[in-house]
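Only this structure's heavy atoms are used, side chains among them; waters, hydrogens and symmetry mates stay out.
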Amino acid sequence: MTTANICILISIIAYLLFVIGIGVVFSRKNKTTDDFYLGGRKLGPFVTAMSAEASDMSSWLLMGLPGVAYLTGLADAFWTAAGLAIGTYINWLVVAKRLRKYTVKCNNSTTIPVFFSNRYRDDKKILSVIAALVIIIFFVPYTASGFAACGKLFASLFGMDYFTAMIISAVVIVGYTALGGFLAASTSDFMQSIVMTIAIFVVLGYGVVTAGGMGTVMENAESLAGYFSLTSIHDPATGSAGAYGIMSIFSMLAWGLGYFGMPHVLLRFMAIEDANKLKLSRRIATVWVVISLGVAIMIGIVGNAMTKAGVIPALEDSETIIIAISDVIAQHGIVPALIAGLILAGILAATMSTADSQLLAASSSVSQNIIKEVFFKDLSEKAAMIIARVSVVIISVIAVFIAKDPNSSVFDIVSFAWAGFGAAFGPVMLLALFWKRSNKWGALAGMFTGGVMVFVWKFLVKPIGGVWGIYELLPAFLVAIAVNIIISLLTKAPSQDMVDEFEAVKAECK
């Protein structure tokens, strides 16, 4: 192992020990399952904002988005980022405050499935169980993709066996999550957002300088057909420009719809200590998202210029652009190598910040929404805490098994899971919060239809191509919200106490 690799390893190990320490510290603050899964609603506005966005972006921010920009130019990356930025802002503006107040009003609901059941007076917990199953179906493989990304990072850097590297990463993530629960995950996510931010700015600055300056970067981008256009896309195989039409634009913008159904983001809204501080959180989150997405896209464009200048080789896998730049930085001495380690820790942080939140959401579905609510309603708090932590471990073992193949696609899974949550939960959440005529049957039908439609469009309709080749989230979301409204209108209206509760929350949110 070279000196540079040793320095990189030191930086990463220091970071891993730090997040484990966070788990140990917060393990003492989890007295109940409410503390474990929602932190006792004690999050401050900065931690709420940054942990929500760090858990949202995952390694896609540092690998997927720069990779797309590096390979095909501005269009695909820009419209996807625009959809995410708009979705982030609207979610904070429209959903956050009302969800925080409504979950308290609805018998202090601490998970999304419990909120759905309490909101619609579903005493048999059918909504809660189905929502929990949706979370498990989409989050377990999503968590596996995070483990896989960590394993690939270590394997590519240090020549480690992929499975061994993946196991080590999983143990660290499971360790601080099982110990510290929601507070540990949120605090570590806050710290991880800082590491991610430092990483992308260091990479961008170094890249611009070594590529020959921003003027050289722009000249390179403009010299490639369709590369610097929002209505064309560069084809790296032929060097020509392809059309990027209105359907492609809407398909990418549709990524923003996913936010309304993301349990790990919505939980942050529920956990803030004071609903009135959400305005500050919204501003922090939106600014960070816009800046970080913009910088990530620029890294891809700069990386292409660095390849042309001979600073980095042509990449077989465009998503390794930041790793390639970090390798070059590490060759300049011990301090640069330590900085390169921090950059790579940023990729690790991005992955871990999503995996820990997914683990908590999936384990709460098993322990709270299925085991406790359906089978053992009189479970003591001590027993519930044990089950909560055991659930985290069991789900992690399943995720490790799914991730054992080093050739598994990380980002295809992320895209599919994002669509699944957006379509299954998004329409239900919006109508639950903003339409008093919605009822249990509409919510059930909409949730089921949205989840199924994602599979149908992805595997049966999308392969047809042409106008049908759009991202599955958009059609699934539209069909789910239509079904929810139609079934609600065709079935019994909500009870008066449900309407009164709705109006009370509405009045508090003015």
Is any side-chain heavy atom of Trp79 less than 4.5 Å from a side-chain heavy atom of Tyr244?
yes

Given the rule in the side chain to side chain contact (heavy atoms under 4.5 Å, CB included) test, do Leu204 and Ile200 qualify, once you have shown the distances and angles that lead to the verdict?
CA-CA 6 Å; Leu204 180 62; Ile200 59 177; over 6 Å; no

What side-chain donor-acceptor pairs closer than 3.5 Å can you find for residues 463-470, not counting sequence neighbours?
none

side-chain hydrogen bond (donor to acceptor under 3.5 Å, both in side chains) pairs touching residues 62-71, sequence neighbours excluded, are Tyr70-Thr307

Check Ala81 against Ile297 and note the closest heavy-atom contact, atom names and distance.
CB-CD1, 3.8 Å

Applying ring pair (Phe, Tyr, Trp, His ring centres under 6.0 Å), name anything that partners Tyr227, two or more places apart in sequence or on another chain.
His234

What closest approach, in Å, do Ala132 and Pro113 show between heavy atoms, and which atom pair accounts for it?
N-CG, 4.0 Å

Could you tell me whether the side chain of Ile325 reaches within less than 4.5 Å of the side chain of Ile321, counting heavy atoms only?
yes

Listed by chain and number, what are the side-chain contact (heavy atoms from CB on, under 4.5 Å) partners of Val290, not counting sequence neighbours?
Ala85, Thr286

What's the verdict on side chain to side chain contact (heavy atoms under 4.5 Å, CB included) for Ser223 and Lys308, showing C-alpha distance, side-chain angles and the deciding distance?
CA-CA 11 Å; Ser223 71; Lys308 186 174 182 179; 3.8 Å; yes

Quick one: are Ile323 and Asp327 in side-chain contact, heavy atoms under 4.5 Å?
yes

Applying ring pair (Phe, Tyr, Trp, His ring centres under 6.0 Å), name anything that partners Phe459, two or more places apart in sequence or on another chain.
Phe416

Mind checking ring pair (Phe, Tyr, Trp, His ring centres under 6.0 Å) for Tyr471 and listing every partner two or more places apart, or none if nothing turns up?
Trp255

Restricting to non-hydrogen atoms, name the atom on Val95 and the atom on Leu266 that form the minimum distance, rounded to 0.1 Å.
CG1-CD2, 4.0 Å

Measure the spacing between CG of Leu224 and CD1 of Ile301 and express it to the nearest 0.5 Å.
10.5 Å

Working to the nearest 0.5 Å, report the span between CZ of Phe228 and CG of Asn220.
10.5 Å

As an exercise, state the distance from CG of Leu278 to OG1 of Thr48, rounded to the nearest 0.5 Å.
7.0 Å

Looking at every non-hydrogen atom in both residues, tell me the closest pair between Ala480 and Ala423 and how far apart they are.
CB-O, 3.6 Å

List for me each residue that meets ring pair (Phe, Tyr, Trp, His ring centres under 6.0 Å) alongside Tyr259, sequence neighbours excluded, and say none if there are none.
Trp418

Leu267 side, atom CG; Met262 side, atom CE - distance, nearest 0.5 Å:
12.5 Å

Min side-chain heavy-atom separation Leu74-Ser229 under 4.5 Å
no

State which residues pass side chain to side chain donor-acceptor pair (under 3.5 Å) with Asn91; sequence neighbours excluded, sorted by chain then number.
none

Could you tell me if the side chain of Lys458 sits less than 4.5 Å from the side chain of Met453, heavy atoms only?
no

Does the side chain to side chain contact (heavy atoms under 4.5 Å, CB included) test come out yes or no for Phe260 and Val265, once each step is laid out?
CA-CA 9 Å; Phe260 303 124; Val265 176; over 6 Å; no

Could you walk me through whether Phe455 and Leu460 pass the side chain to side chain contact (heavy atoms under 4.5 Å, CB included) check?
CA-CA 8 Å; Phe455 283 91; Leu460 298 179; over 6 Å; no

Sub-4.5 Å side-chain heavy-atom contact between Val479 and Trp457:
no

Donor-acceptor contact below 3.5 Å, side chain Thr80 vs main chain Ala77:
no

Residues in salt bridge (charged side-chain N to carboxylate O under 4.0 Å, His left out) contact with Lys462, at least two apart in sequence or another chain:
Glu472

Under 3.5 Å, sequence neighbours excluded: what are the donor-acceptor pairs made by side chains of residues 335-342?
none

Spacing of Phe425 atom CZ and Met447 atom CE [to the nearest 0.5 Å]:
5.5 Å

Return yes if some donor-acceptor pair links the side-chain N/O of Ser251 with the main-chain N/O of Ser248 below 3.5 Å, else return no.
no

For residues 78-94, the salt bridge (Lys or Arg N to Asp or Glu O under 4.0 Å) pairs (sequence neighbours left out) are none

Hey, are the side chains of Met270 and Ile112 touching, using non-hydrogen atoms and a 4.5 Å cut-off?
yes

Of the non-hydrogen atoms in Ser232 and Ala75, which two are nearest, and what is the gap between them?
O-CB, 3.3 Å

Could you pull out all residues at least two apart from Lys277 that satisfy salt bridge (charged side-chain N to carboxylate O under 4.0 Å, His left out)?
Glu273

With a 4.5 Å heavy-atom cut-off, do Lys97 and Arg100 have their side chains touching?
no

Closest non-hydrogen atom pair between Ala309 and Ala211, with its separation
CB-O, 4.3 Å

Atom CG in Leu257, atom CG in Leu84: separation rounded to 0.5 Å?
10.5 Å

